[in-house]
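The next block holds one structure in the form of structure tokens; read it before the comments.
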Amino acid sequence: MDDAAPATREALAQAFLARSGWGTALRHHLAGDASDRSYQRLQRGPETAVLMDAPPGRGDDPAAFVAIAAHLRRLGLSAPEVLACDLENGFLLLEDLGDALFARLLSGAGGPAEPALYEAATDVLIHLQRAAPPAGLPDLSATEWAQAAAMAPDWYARAATGTAPDAARFTTLLEEALRRHADGPRVLILRDYHAENLLWLPARAGLARVGLLDFQLAQMGQPGYDLVSLVQDARRDVPEAMEHAMIRRFAAATRAEPEAFEAAHAVLGAQRALRILGIFARLCLVAGKPGYVALIPRVWGQLWRNLAHPALAPLAAECRALLPEPAPAVLERIRAQCGQMR
């Protein structure tokens, strides 16, 4: 069904909840993110559930969430159980996994120490990648991964300088680095694997103590990609000692050659940081979401830590020529254009 007006969409949501036995539940806004999805917590007496609202035609397919959730649960991992669905209109009723996000626990709200959380999250990735993935998932080539990172010159540089530079050499250099260091056998990656999308569930056992959210864009990718997402978090500073400890833990468990895996980690980290720089700029310019601009300096720092690896020396020189440093004046210029592009 095509996207509906807000009043019509609310009527569709209420009808879905009524069919699912939750029509009289109290509803409270729970979260929204960089996509057009939103979430509400439902309260029905002592019971709770979560309503996911993913408007059709906006990029995220709730059917993909259902399929990946089922796969993760078959592996003994804690994806939310899907209690009811209306795929045509983009609504899912989900098990409520609670509020103990890693990000909240790591900010001092109690819970396990930081190493225990990161070790558990890393071990989930190791377990996930040992299993055969679902069939039919997207599998991008090195060329396509490099082109995705061109969002940095196309959006970040344009927002910062007023002109999008020629990104042809940039894309070629990144593609070459990916082919040389990070283009081996593919595994299932969840893509947004970080502290805002992981929950601590202490009442469960083993790997099931890590609750998983926001995996509907899962695809085939490089083994180190989700680890990069975890330890190079755009929303919080992860100590470099923690990052290196998790790299060693993951490489040892997967029997990756340490030096080669370090190079792959740097290349994937650079690709991801470049893409995120462009995404954050675009979210401000097009979607009218200026809050992401404040995260740009952290991502910039992560980018240059990755570009310091010798494998990326040519790309580092090209990035230095194309991408301005996010000084306060540059960030203010991006904010000033908020919502002005379509």
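All heavy atoms count here, side chains included; hydrogens, waters and symmetry mates do not.
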* To do: Fit a plane to each ring of Y292 and F280, take the angle between them on a 0 to 90° scale, and name the class: parallel (under 30°), tilted (30 to 60°) or perpendicular (over 60°).
  => tilted
* Any salt bridge between R191 and D214, counting N to O under 4.0 Å? -> no
* Could you tell me whether a side-chain N or O of Q129 sits under 3.5 Å from a main-chain N or O of P223, the two making a donor and an acceptor? => yes
* With a 4.5 Å heavy-atom cut-off, do L188 and H71 have their side chains touching? -> yes
* Mark yes or no for whether R204, through its side chain, and L77, through its backbone, hold a donor-acceptor pair below 3.5 Å. => no
* With a 4.5 Å limit on heavy-atom distance, are the side chains of F250 and I126 in contact? -> yes
* Asked: Salt-bridged, R169 to E318, with N to O below 4.0 Å?
  -> yes
* Asked: W155 and I334: side chain to side chain contact (heavy atoms under 4.5 Å, CB included), yes or no, with the steps?
  -> CA-CA 10 Å; W155 285 98; I334 296 173; over 6 Å; no
* Answer with yes or no whether the side chains of T171 and Q147 bring together a donor and an acceptor at under 3.5 Å. => no
* **4.5 Å side-chain heavy-atom contact, V210 and W200** => yes
* Asked: Do we see a donor-acceptor contact under 3.5 Å between the side chains of R130 and T254?
  -> no
* With the threshold set at 4.0 Å, does a side-chain nitrogen-carboxylate oxygen contact exist between E176 and R179? -> no
* Check the angle between the aromatic planes of Y225 and W145 and answer parallel, tilted or perpendicular using the 30° and 60° thresholds. => tilted
* Would you say the side-chain atoms of Q337 and R158 include a donor-acceptor pair closer than 3.5 Å? -> no
* Linking I/L/V/M/F/W/Y whenever their side-chain heavy atoms sit closer than 4.5 Å, directly or via other members, would L72 and L199 fall into one cluster? -> no
* To do: Looking only at non-hydrogen atoms, find the nearest pair between W300 and L277 and report the distance.
  => CE3-CD1, 4.0 Å
* Asked: Should L207 and L97 be regarded as members of a common hydrophobic cluster, given that ILVMFWY residues are connected when their side-chain heavy atoms come within less than 4.5 Å of each other, either directly or indirectly?
  -> no
* **Common cluster, L212/L117, ILVMFWY with side-chain heavy-atom separation under 4.5 Å** => yes
* To do: Can you see which heavy atom on L174 is nearest to which on A146, and at what distance?
  => CD2-CA, 3.9 Å
* To do: Grab the two heavy atoms, one from A25 and one from L42, that are nearest each other, plus how far apart they are.
  => CB-CB, 4.1 Å
* Asked: Between atom OG1 of T172 and atom CG of L315, what is the distance when rounded to the nearest 0.5 Å?
  -> 11.0 Å
* To do: Check whether any side-chain N or O of Q14 sits under 3.5 Å from a backbone N or O of A11 as a donor-acceptor pair, and report yes or no.
  => no
* Asked: Just checking, is any N or O donor in the side chain of Q232 or N306 under 3.5 Å from an acceptor N or O on the other one?
  -> yes
* Is the cationic atom of R9 (NZ for Lys, CZ for Arg) positioned less than 6.0 Å from the six-membered ring centroid of F91 and within 45 degrees of its normal? -> yes
* Asked: CD of E257: more than 12 outside heavy atoms within 6.0 angstrom?
  -> yes
* Find out whether L198 and V124 are in side-chain contact, i.e. whether some heavy atom of one side chain is under 4.5 Å from a heavy atom of the other. => no
